[in-house]
Structures are given as C-alpha cells and as structure tokens.
Amino acid sequence: MSEFSIKEKKILSDHFSNTDNDVFAIITPKQVDRGALMSRYSRTNKSMRRIFLDEFLKNKNRGEEFYNRVLLEYGDDSVAELGEAQIAIEGVSNIAVKKIEDRRIGLSYLEKSSRYVVWNKKEKGKYRFYRDPEIRKSRFADMYEETCNFSFDVYSKNIEPMVNYVREKYPIEKYSFKDSTDGKEKLFSKLKNESDVKSANMIYKGSTKAKALDILRGLLPASTLTNVGITGNGRAFEYLLTILSSSELREEQDLASKIKKELDTTIKSFVRRADDKYGKAFQKYLKDIKNKSKSITLKEIKSKSSTGVMTNLVDYESEKTAMDKIITSILYEQSPSTSYQNILQQVKKFSKEKKTKIIGEFVKLRTNRRHRPSRAFENIYYTFDLCNNFGMFRDLHRHRALTLERQLLTTDHGYNIPNEIKILGIEKDFKDSMNKTKETFEKIRKKYPEQGQYVINFAYNYPYFMKFNLREACHLIELRTIPQGHTDYRQVAQQMFKQINKVHPNLSKIMKFVDLKEYDLERFESEKRIEAKRTKLKK
C-alpha cells in the first residue's frame with residue numbers, strides 16, 4: 001500500500017519525479033528547498049517526501065529557516081555543499097581566471113580556448129584586454145596600453161600568414177581520410193564522393209587553424225579577456241569569494257562582489273559565511289614571509305633565469321619503498337582483521353620478483369587510459385619543479401587532483417620562440433613584442449608587482465611546482481600526451497614520464513598509454529573522429 005494518498009501524490013508530482021519508487025529525483029523548483037530537504041533528511045526517520053508534505057508545503061520559507069539555523073548557528077559545512085549554482089563570467093583577464101581556477105575542490109570550470117577561437121576581435125575599436133584601474137591612473141597608463149596593443153597587433157596581423165604557412169607545410173594531399181563508399185582510409189586526391197571531399201576539407205581546415213593559433217598564442221598578454229563558466233556548491237563558492245575579496249587586484253575584488261550578488265539570487269543561504277578576514281590575514285602572512293626572506297627569493301630568481309625552461313623530478317621515494325606501500329594497500333582490502341603495519345612487514349619480506357609480478361598483474365588489467373589504477377597507487381608521490389611558458393601552464397593548471405603552488409608572473413625567466421615563428425620570418429616582430437613587454441613590466445613592477453602581471457605575454461616562462469601521486473600521474477601524463485594535445489605540454493608530460501620511468505622502472509609500467517611520438521598536425525586525428533560522429537548524426 002502506498003505511503004501517500006491520491007491527493008498527496010498529486011501534490012508531490014510537482015516536486016518529485018515519482019511518488020512510489022525508492023529512487024527519485026528532487027525537482028521542487030527552489031534550490032534552497034532541495035538542499036534543505038537533503039539535509040533535513042539526515043535528521044529524521046521520515047521519508048523525504050513525507051518531510052516535504054509535513055514541513056515544507058505550508059511554509060514557503062522553510063528552506064531559508066532551516067539553513068539559518070543549521071548552517072549559520074551550527075556551522076555544518078557539509079550542508080553548504082547541498083546548494084549548487086552555475087555562474088558565467090565574461091570579460092575576465094587570464095590573471096583573474098587563474099586565481100578562480102586555483103580553487104580545486106567543489107568547482108568545475110569551462111574556459112574559452114586559445115586554440116579554437118581567434119582572439120583578435122575588437123570592441124568599440126579596442127582590443128579586448130583588461131585595463132587595471134591602478135595602472136590607468138598611473139604614469140604607466142600609456143605605456144601599458146601601447147604594449148598590450150603592440151602584442152595584439154603582432155598576433156592579429158600574422159594569423160592569416162601563419163595559417164597559410166601551416167597549410168603549405170602540411171598540404172591536405174599528404175593526409176588520408178575515410179572514403180564513405182568502402183570505409184577505407186584514402187589520400188585526399190583519391191576521394192571521389194563530394195561529401196567526403198567536403199568533410200576532409202573541414203577536418204583539415206580545423207586542424208591547421210588550431211596549429212596556427214597554437215603557435216601564435218604566446219603573443220597574447222595575460223590581460224587578454226576570456227570567458228569562464230563555473231559550476232559548484234555553496235561551500236566551494238564561499239571559499240572562492242573569501243580569496244577573491246582579499247586580493248590586491250581590483251579586478252578580483254570586483255569579481256567577488258559580482259559573483260556574490262548573483263549567488264544571492266540562486267543559493268543565498270549557502271554562501272552567507274563568505275568572509276574576507278581570513279583571506280586578508282593569510283595574504284598579510286604571505287607578505288611577511290616574503291619580506292623576511294627577500295635575499296633568498298632574489299637568489300632563486302637569479303638561478304632560475306639562467307636555466308630557463310625545466311621539468312625536474314625533485315622529490316620521490318625509492319622504488320622498493322614505493323612498491324611495498326602499494327602492494328600493502330592492494331592486500332589490505334583482502335586481509336580482514338589484519339593491520340596495515342602487519343601486512344607491510346610481511347610485504348617487505350617478499351622477493352623483488354614477487355613484488356614485480358604483483359604489480360605486473362595489476363598493469364594487465366588496464367586496457368585503455370580511462371581504466372584508472374586503484375587507490376593503492378595513491379600512496380606514492382612525485383614532486384616536479386617546472387618552468388615553462390604561461391600559455392602551457394594554463395593547460396596543466398586545469399588538473400586539480402594534485403598540489404600546485406605558483407609564483408607571480410614575471411619576465412625573469414625568459415620566453416619561448418616556436419620554430420615556426422622563425423621560419424615564417426616574424427622573429428623580429430615576436431622579439432620586439434617580448435622586449436617591449438619586459439621594458440614595460442620592469443617599470444610597472446616596482447610600484448605595482450601584482451598589476452604588472454597583466455602585460456606579460458603567454459610566451460614568457462612561469463615557475464611552479466606540482467606534487468601528485470602515481471594514480472594522478474597516470475591520468476595527467478596519459479591525457480597530456482594524446483596526439484591532439486598542444487606540442488608544449490605534450491613534451492613536458494613526456495619528460496615527466498621519462499623521469500618517473502628512470503627512478504621507478506617497474507611502477508611506471510602502470511602508465512601503459514603514454515604517447516611518446518611527435519605529430520605534424522596535433523588536432524588532425526581528433527578532427528577526423530569529430531567529423532565521423534557529425535556525419536553519423538546526419539544519417
């Protein structure tokens with residue numbers, strides 16, 4: 001017999017996906033009520049639908065009242081995760097968007113690509129880059145404007161020449177495409193079907209354009225305006241607001257206010273505790289540390305600028321210790337009533353051959369890169385000291401199941417010049433842009449070190465370190481070496497694999513799908529797969 005009367009079922013049908021099943025979706029329109037129902041659910045023996053009928057139906061403010069009491073009075077952080085929102089931010093600099101994306105847990109991001117979208121559009125006759133208020137009212141205003149404009153000018157005027165160069169270097173006739181008549185791969189000149197020729201041209205144009213934009217993106221300044229979409233829960237948004245509101249950059253402070261205003265229209269009850277006092281105290285702490293260790297910092301800058309680009313594995317355990325920990329973790333789940341310490345002591349007595357065999361059997365289980373290794377492989381960590389171009393950092397920065405610490409963006413570590421820039425004959429323009437940037441930055445940084453970051457080009461090298469476990473290494477390195485990846489981060493991921501393989505030759509075998517090859521048109525095979533799916537949908 002149903003728990004609910006016919007009348008109750010009719011009411012419930014507007015708020016839940018069904019009225020009888022044990023599994024159902026909560027579709028009541030108010031976000032605050034959905035979250036409150038989830039939380040209230042853990043504090044009563046009643047069913048959720050009965051809670052709604054008894055407590056929420058007659059009191060339109062029940063959700064708000066519940067959060068005022070539980071979240072604010074009792075400080076139950078997990079409750080704040082029950083409210084979710086989607087926020088779109090348009091026209092934000094690449095400095096601010098990285099600060100936003102530093103928040104690793106509870107938020108997901110989708111950002112405008114520098115690979116598929118041309119960034120030379122103007123708005124009211126001006127390039128779209130951020131003009132910081134502090135700089136605009138300073139004596140550096142004209143210099144800043146001219147430098148950013150110069151970078152955009154060099155970028156913009158070379159888009160078409162670079163696309164033409166790429167297409168000359170990698171002519172369409174060199175590549176094979178699927179023939180729809182027999183399903184076989186054939187050179188472009190052998191295609192007879194008009195639709196096949198059209199598809200081939202789409203694939204080719206997409207991959208060559210991406211290649212050209214990849215090469216030129218180093219010219220873009222960090223002030224370049226982008227768009228980002230954020231999906232997240234209340235707790236994560238609270239922390240984001242705390243960090244942004246305590247920033248020294250006006251842009252980030254303003255973003256905190258704007259985001260808070262929009263969140264108040266959707267999940268107000270979940271973000272009431274955003275507090276910039278902690279954020280400001282933390283920033284002061286960091287400044288104090290910096291001031292006390294200035295001499296050390298200057299020595300570090302000098303040494304790094306002489307080495308330039310680097311990917312160095314600087315911290316790891318011996319493979320013997322690492323294998324012992326991983327095998328212990330694997331066995332632990334299958335060993336009831338036995339402590340971790342007891343298992344570890346026994347594993348240490350295994351022969352090297354036995355340990356290698358256990359790891360080898362586990363390796364065999366993975367048949368594609370989406371088969372993640374088990375959590376046992378989270379017991380071993382690697383720390384990499386990195387210095388590579390800011391454009392590439394933006395790609396690696398998206399990985400969040402790791403620890404990443406970074407410094408301010410500066411011109412201290414030199415920059416990268418893609419070979420194609422030299423071959424096309426625009427090396428002088430490229431260097432002029434970099435030199436102009438450095439000159440401007442050196443003047444601004446003395447008074448505005450934070451704001452000075454905006455003028456720096458993506459090509460300039462950027463120092464940071466990444467610490468991740470073997471399970472995440474498997475995901476990151478395999479993903480970032482796939483053929484369609486940007487050549488810059490493919491090389492870094494390949495170097496990471498080689499260095500891990502050198503110190504952990506047996507454990508590194510878990511990374512079965514690392515691609516160490518080089519490709520002409522990185523996007524080519526990916527564009528072919530996309531076009532094949534597009535063609536299939538049309539049928």
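Just so it is clear, the values below take in all heavy atoms, side chains as well, and ignore hydrogens, waters and symmetry mates.
- Taking a cutoff of 4.0 Å between a charged side-chain nitrogen and a carboxylate oxygen, E472 and R372 qualify as a salt bridge.
- S176 and E185 share no donor-acceptor pair across their side chains, judged by distance under 3.5 Å alone.
- For H399, the ring-ring contact (aromatic ring centres under 6.0 Å, His included) partners two or more places apart in sequence, or in a different chain, are H475.
- Listed by chain and number, the residues in a ring-ring contact (aromatic ring centres under 6.0 Å, His included) with F458 are F390 (sequence neighbours excluded).
- Ion pairing between K431 and E427 holds under the 4.0 Å rule for side-chain N and carboxylate O.
- Side-chain contact check for R490 and T481: no donor-acceptor pair (N or O, by modelled atom type) lies under 3.5 Å.
- Every residue two or more places apart in sequence or in another chain that forms a side-chain contact (heavy atoms from CB on, under 4.5 Å) with K443 is listed here: F140, M143, E439.
- For R104, the CZ atom is densely surrounded, since the number of other residues' heavy atoms within 6.0 Å is greater than 12.
- A donor-acceptor pair under 3.5 Å is absent between the side-chain atoms of T321 and the main chain of E317, judged by distance alone.
- The closest side-chain donor-acceptor pair between T224 and N94, if any, does not fall under 3.5 angstrom.
- Not counting sequence neighbours, the partners of Y460 by the ring-ring contact (aromatic ring centres under 6.0 Å, His included) test are Y415.
- By the side-chain contact (heavy atoms from CB on, under 4.5 Å) test, R406 is found to be paired with K98, D102, F393, H397, L404, Y462, Y464, residues two or more places apart in sequence or in another chain being considered.
- Scanning for side chain to side chain donor-acceptor pair (under 3.5 Å) contacts around E518 gives an empty result, with sequence neighbours left out.
- L187 CG: more than 12 foreign heavy atoms inside a 6.0 Å radius.
- Y170 has its ring centre no less than 6.0 Å from the ring centre of Y175.
- Judged by distance alone, the side chains of D385 and N312 never bring a donor and an acceptor atom under 3.5 Å apart.
- No more than 12 heavy atoms of other residues, nucleotides or ligands lie within 6.0 Å of OH in Y316, so this atom counts as exposed by the packing criterion.
- Counting non-hydrogen atoms of other residues, nucleotides and ligands closer than 6.0 Å to CD of E173 gives a total above 12.
- Electrostatic pairing of E478 and R366 counts as a salt bridge here, judged by a charged N lying under 4.0 Å from a carboxylate O.
- Partners of K467 under the side-chain contact (heavy atoms from CB on, under 4.5 Å) rule, at least two apart in sequence or in another chain, are Y381, T383, T403.
- Residues E319 and N506 have side chains that bring a donor and an acceptor to within less than 3.5 angstrom of each other.
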Salt bridge (Lys or Arg N to Asp or Glu O under 4.0 Å) assessment of R394 paired with E111: CA-CA 10 Å; R394 293 164 63 258; E111 185 187 343; 3.5 Å; yes
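- The list of ring pair (Phe, Tyr, Trp, His ring centres under 6.0 Å) pairs with a residue in residues 488-520, not counting sequence neighbours, reads Y382-H504.
- Surrounding NZ of K428 are at most 12 heavy atoms belonging to other residues, nucleotides or ligands under 6.0 Å away.
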Go through it in stages, so that I can follow the logic: the residues are K438 and E442, the test is salt bridge (Lys or Arg N to Asp or Glu O under 4.0 Å), and I'd like the CA-CA distance, side-chain angles, deciding distance and then a yes or no. CA-CA 6 Å; K438 186 173 182 63; E442 290 295 344; 3.5 Å; yes
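- Applying the salt bridge (Lys or Arg N to Asp or Glu O under 4.0 Å) rule to pairs touching residues 146-161 yields K157-D429, sequence neighbours excluded.
- Partners of D214 by side-chain contact (heavy atoms from CB on, under 4.5 Å), not counting sequence neighbours, listed by chain and number: R115, H486.
- Side-chain atoms of Q499 and T311 form no donor-acceptor pair, as typed in the model, at a separation below 3.5 Å.
- For D315, there are no salt bridge (charged side-chain N to carboxylate O under 4.0 Å, His left out) partners, not counting sequence neighbours.
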Can you check side-chain contact (heavy atoms from CB on, under 4.5 Å) on N389 and M392, steps first, answer last? CA-CA 5 Å; N389 69 75; M392 193 199 69; 3.4 Å; yes
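- Between the side chains of S151 and S433, a donor-acceptor pair is found at a separation under 3.5 Å.
- For the ring-ring contact (aromatic ring centres under 6.0 Å, His included) test, residues two or more places apart in sequence or in another chain that qualify with F129 are F152.
- Checking N388 against D488 by side-chain atom types alone, no donor-acceptor pair falls below 3.5 Å.
- Ion pair E134/K137 flagged as a salt bridge, since at least one NZ, NE, NH1 or NH2 atom sits closer than 4.0 Å to an Asp/Glu carboxylate oxygen.
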